[in-house]
Amino acid sequence: MSEPLSVLIVGGGDIAGAYDERGGGGAVLTHAGAYVADGRFRVRACVEPDVARREQFMAQWGIAAGYDDLDACLAAESGFDVVSLCAPTHTHADTLERLLDADVRLVFAEKPLTGDVARSECIVHAYADSGRPIAVNYLRRWDTSIQALKREIAEGAWGRVQAVGGLYAKGLFNCASHFLDMVDYLIGPLTPKAVISRVDDGRDDDPTLSVLLETVAGAPAVLIGVDGKAFFPFELDLTMEKGRVTYEDLGCRMRRRSIRLHPLFPHQLTLDDGGWMDTGMAKAMVNAVSNIHDHLARGEPLASTASTAFQTEKLCAAIMAMAARGDKR
């Protein structure tokens with residue numbers, strides 16, 4: 001049996017491990033939880049400046065070494081197969097640039113890549129030139145139900161996409177980027193056409209915007225932002241020639257509806273009630289680290305990369321610029 005891949009986790013917050021520490025109803029939601037569940041990794045060290053949280057994190061996940069900053073860790077340790085970047089977004093660019101000079105085979109970064117398009121572009125090119133992969137945690141690319149839907153759409157099972165709808169809260173980069181990345185994964189990139197409105201939710205640096213976009217084939221896509229203080233939605237609606245698929249409950253449930261003759265108006269084609277199914281969100285993080293292992297061990301392609309994440313980041317930046325201009329065209 002081969003040696004487990006060594007892991008460094010930078011950051012000790014919710015996505016690093018705390019979500020699973022609080023209990024996720026059987027789901028695995030964090031980096032540390034996924035590495036432990038997979039069994040082919042060993043989290044050897046962590047970086048977390050809060051001493052109390054660092055000690056708690058190490059004790060919870062059996063991590064032998066902890067540091068208050070990255071430089072101290074890299075000076076003391078012999079190198080890592082994987083670094084999970086779970087620190088706040090504003091630290092990503094500096095951390096990714098520092099890791100370029102370190103003995104690290106792959107970085108698994110939280111999204112967005114950096115939040116700064118110019119620096120993200122430089123980092124993407126620098127990592128590509130060094131032959132160093134970055135996986136970015138747009139989690140739904142590792143959801144098996146979304147992967148299956150992508151194959152079905154590509155094979156023509158649903159026909160042409162006629163319209164795309166979305167509903168979200170809590171920021172364009174923070175939340176809507178998941179919607180934009182998922183649509184790109186399923187049917188190709190979107191082009192922004194106009195910013196419709198902005199929610200007054202206090203998110204000045206990352207506003208919640210409603211946006212009109214267009215698919216590559218020219219179908220309309222409407223993304224609606226709402227105030228997350230009321231409740232937190234995340235939904236995707238794909239209307240296609242042969243049916244309709246909706247993705248709801250923060251991505252945990254999917255409804256698939258097919259064409260039928262209407263029982264009251266039999267001369268009209270409409271949609272049946274369809275069926276609800278649980279998605280693969282509960283296991284998406286485990287699938288992500290499994291994909292990372294197989295990429296390092298056998299060269300399997302990563303489902304979410306620096307390049308795909310950069311395209312989503314550029315789209316978010318373009319929407320932000322459109323909003324700043326007040327462009328209603």
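Computation of the quantities below employed the complete heavy-atom set of this structure, encompassing side-chain atoms and omitting hydrogens, waters and symmetry-equivalent molecules.
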Query raised in the report: Does the pair D278/R253 count as a salt bridge with the N-to-O cut at 4.0 Å?
Result: yes

Report task. Find the distance between OH (Y185) and CH2 (W142) and round it off to the nearest 0.5 Å. Result -> 10.0 Å

Report task. Check whether V82 and L99 end up in the same hydrophobic cluster, where Ile, Leu, Val, Met, Phe, Trp and Tyr are linked by side-chain heavy atoms less than 4.5 Å apart. Result -> no

**Report entry** Test salt bridge (Lys or Arg N to Asp or Glu O under 4.0 Å) applied to D103 - qualifying residues, sequence neighbours left out
**Finding:** none

Query raised in the report: Can you find a heavy atom in the side chain of T308 that is under 4.5 Å from one in the side chain of V136?
Result: no

**Report entry** Carboxylate-amine/guanidinium proximity below 4.0 Å for R203 and D206
**Finding:** yes

Query raised in the report: Do side-chain atoms of R44 reach the backbone of S6 as a donor and acceptor pair under 3.5 angstrom?
Result: no

Requested in this report: Answer yes if L296 and Y35 sit in the same cluster of Ile, Leu, Val, Met, Phe, Trp and Tyr residues linked by side chain heavy atoms under 4.5 Å apart, and no otherwise.
Outcome: yes

Query raised in the report: Hey, is D94 close enough to R119 for a salt bridge, meaning N to O under 4.0 Å?
Result: yes

Requested in this report: Starting from the C-alpha separation in whole Å, work towards a yes-or-no answer on side-chain contact (heavy atoms from CB on, under 4.5 Å) for K170 and F234.
Outcome: CA-CA 10 Å; K170 300 186 180 181; F234 182 85; over 6 Å; no

Query raised in the report: Does H178 use its side chain to pair, donor to acceptor, with the backbone of R140 at less than 3.5 Å?
Result: no

**Report entry** Donor-acceptor pair, side chain of E241 and main chain of Q162, under 3.5 angstrom
**Finding:** no

Query raised in the report: Is there a side-chain contact between V43 and I9, using heavy atoms and a 4.5 Å cut-off?
Result: yes

Requested in this report: Answer yes or no: does atom CG of D200 have more than 12 heavy-atom neighbours from other residues, nucleotides or ligands under 6.0 Å?
Outcome: no

**Report entry** Sole candidate of L302, V83, L113 that passes side-chain contact (heavy atoms from CB on, under 4.5 Å) when paired with I134
**Finding:** L113

Query raised in the report: Tell me, do L29 and M285 make a side-chain contact under 4.5 Å, heavy atoms counted?
Result: no

Query raised in the report: Okay, side chain of N291, backbone of P301: is any donor-acceptor separation there less than 3.5 Å?
Result: yes

Report task. Hey, can you tell me if F265 and H262 have their rings parallel, tilted or perpendicular (30° and 60° cut-offs)? Result -> tilted

Query raised in the report: In terms of hydrophobic clusters joined by side-chain contacts under 4.5 Å, are M322 and L209 together?
Result: yes

Query raised in the report: Considering only heavy atoms from C-beta outward, does the side chain of R260 approach that of T270 to under 4.5 Å?
Result: yes

Report summary line: Shortest non-hydrogen pair, D20 vs G33, comes out as OD2-CA, 3.5 Å

Query raised in the report: Can L269 and L261 be said to form a side-chain contact (heavy atoms from CB on, under 4.5 Å), step by step?
Result: CA-CA 5 Å; L269 290 174; L261 289 172; 3.6 Å; yes

Query raised in the report: Does the salt bridge (Lys or Arg N to Asp or Glu O under 4.0 Å) test come out yes or no for E21 and R53, once each step is laid out?
Result: CA-CA 12 Å; E21 292 167 31; R53 173 55 191 158; 2.9 Å; yes

Report summary line: Distance col, row L236:CG vs L186:CG, nearest 0.5 angstrom, shows 6.5 Å

Report task. May I ask you to decide whether R42 forms a salt bridge with E3, counting only side-chain N to carboxylate O separations under 4.0 Å? Result -> no

Query raised in the report: Distance from T91 atom OG1 to R98 atom CZ, nearest 0.5 Å?
Result: 14.0 Å

Requested in this report: Applying salt bridge (Lys or Arg N to Asp or Glu O under 4.0 Å), name anything that partners R151, two or more places apart in sequence or on another chain.
Outcome: none

Query raised in the report: Will you find, in the side chains of D116 and T114, an N or O donor that is under 3.5 Å from an N or O acceptor?
Result: no

Report summary line: Here the pair of heavy atoms bringing C316 nearest to S177 is SG-CB, 3.8 Å

Query raised in the report: Between S290 and R40, do the side chains contain an N or O donor and an N or O acceptor separated by less than 3.5 Å?
Result: yes

**Report entry** Contact summary for G251 and D143, nearest pair of heavy atoms
**Finding:** O-OD2, 4.2 Å

Query raised in the report: Would you find a donor on one side and an acceptor on the other, under 3.5 Å apart, between the side chain of D69 and the backbone of A72?
Result: yes

**Report entry** Nearest-0.5 Å distance that lies between atom CG in L5 and atom CZ in R105
**Finding:** 6.5 Å

Report task. Kindly give the heavy-atom pair with the smallest separation between A126 and L100, and that separation in Å. Result -> CB-CD1, 3.6 Å

Query raised in the report: Does a side-chain heavy-atom distance below 4.5 Å link M182 with Y138?
Result: no

Report task. Check the side chains of E110 and H31 for a donor-acceptor pair under 3.5 angstrom, ignoring hydrogens and angles. Result -> yes

Requested in this report: Using the side-chain contact (heavy atoms from CB on, under 4.5 Å) rule, take E152 and M240 through it: C-alpha gap first, then chi angles, then the decisive distance, then the call.
Outcome: CA-CA 12 Å; E152 291 169 10; M240 296 167 281; over 6 Å; no

Query raised in the report: Thinking salt bridges, do D14 and R22 make one under a 4.0 Å N-O criterion?
Result: yes

Report summary line: Closest heavy-atom pair, Y168 versus P207, reported as atoms and distance to 0.1 Å, is OH-O, 4.3 Å

Requested in this report: May I ask you to decide whether D68 forms a salt bridge with R54, counting only side-chain N to carboxylate O separations under 4.0 Å?
Outcome: no

Report summary line: Heavy-atom nearest pair, A18 first then T30, reads N-CG2, 4.3 Å

Query raised in the report: Charged N to carboxylate O under 4.0 angstrom, D237 versus R244?
Result: yes

Report summary line: When rounded to the nearest 0.5 Å, the distance separating CZ of R255 from CD of E235 is 11.5 Å

Requested in this report: Verify, without hydrogens or angle tests, whether R257 (side chain) and D272 (backbone) share a donor-acceptor contact under 3.5 angstrom.
Outcome: yes

Query raised in the report: Is there a side-chain contact between I187 and V164 (heavy atoms, below 4.5 Å)?
Result: yes

Query raised in the report: To the nearest 0.5 Å, what is the distance between CG (L238) and OG1 (T246)?
Result: 9.5 Å

Requested in this report: Determine whether V47 and V107 fall in the same hydrophobic cluster, where Ile, Leu, Val, Met, Phe, Trp and Tyr are linked whenever their side-chain heavy atoms lie under 4.5 Å apart.
Outcome: yes

Query raised in the report: Does S145 offer a backbone N or O that forms a donor-acceptor pair with the side chain of K150 under 3.5 Å?
Result: no

Query raised in the report: Any side-chain heavy atom of S304 sitting closer than 4.5 Å to one from N137?
Result: no

Query raised in the report: Out of curiosity, does F41 fall in the hydrophobic cluster containing M58 (side-chain heavy atoms, cut-off under 4.5 Å, transitive links)?
Result: yes

